[in-house]
Amino acid sequence: MFDLADLYQQVIIDHTKSPRNYGKLEPCNHDAEGYNPLCGDQLHVYLQINESSIIEDVKFEGQGCSISTASASLMTEALKGKPVSEFERLFKAFHAMATADMSEAADEEVLGKLAVLAGVKEFPARIKCATLCWHTLKSAIEDNSDVAKTE
Ligand code: ZN
């Protein structure tokens, strides 16, 4: 049986119902689109990065499942006001968490609230839902005009 009870923790439900930083960011100097064909999740992320490489603002919009929405919401919340180097550090830690085997604990010290998504590794099909926003934000930062795909 596919049981989502552990996956859909309170924080995830909260971020799905009322996603933070949702909408179009204007003006923005970086943006990218992402698509997860496995689930049908679509995302568009917008970033305003200043000359000191600080993420002044970050927003997203799109249509996707609850995991992709909650993950994007949590990601934008974690990165707003942070340097781009923090994105790289968190992306690495998040990716490691999502793909680690079950016995490995998430690095909560680095991840903070993002660690609530650790449950996705029990559901391999949902890992891509959770990581889509990170791949999409990476494309935006790198000004890659291709649609970020999880495949
Ligand atoms: Zn999904």
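Keep in mind that the numbers below use all heavy atoms, side chains included, and drop hydrogens, waters and symmetry copies. Indexing begins at 1, ligand by ligand and atom by atom, following the structure's order.
Between His44 and Tyr46, the ring planes are parallel. Angles under 30° get that label, and only those over 60° would be called perpendicular.
For Lys113 and Glu77, the salt-bridge test passes: some basic side-chain N is under 4.0 Å from an acidic carboxylate O.
Thr136 OG1 to Lys149 NZ: the interatomic distance, rounded to the nearest 0.5 Å, is 11.5 Å. Rounded to the nearest 0.5 angstrom, Gln48 CD and Ile54 CD1 are separated by 13.0 Å.
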Full working for side-chain hydrogen bond (donor to acceptor under 3.5 Å, both in side chains) between Asn36 and Thr150: CA-CA 5 Å; Asn36 172 19; Thr150 51; 2.8 Å; yes
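Here the protein contributes Cys39 SG, Asp41 OD1, Asp41 OD2, Cys65 SG, Cys129 SG as N, O or S atoms under 2.8 Å from the Zn ion (ligand 1).
Residues that satisfy the side chain to side chain donor-acceptor pair (under 3.5 Å) test with His135, not counting sequence neighbours, are absent from this structure.
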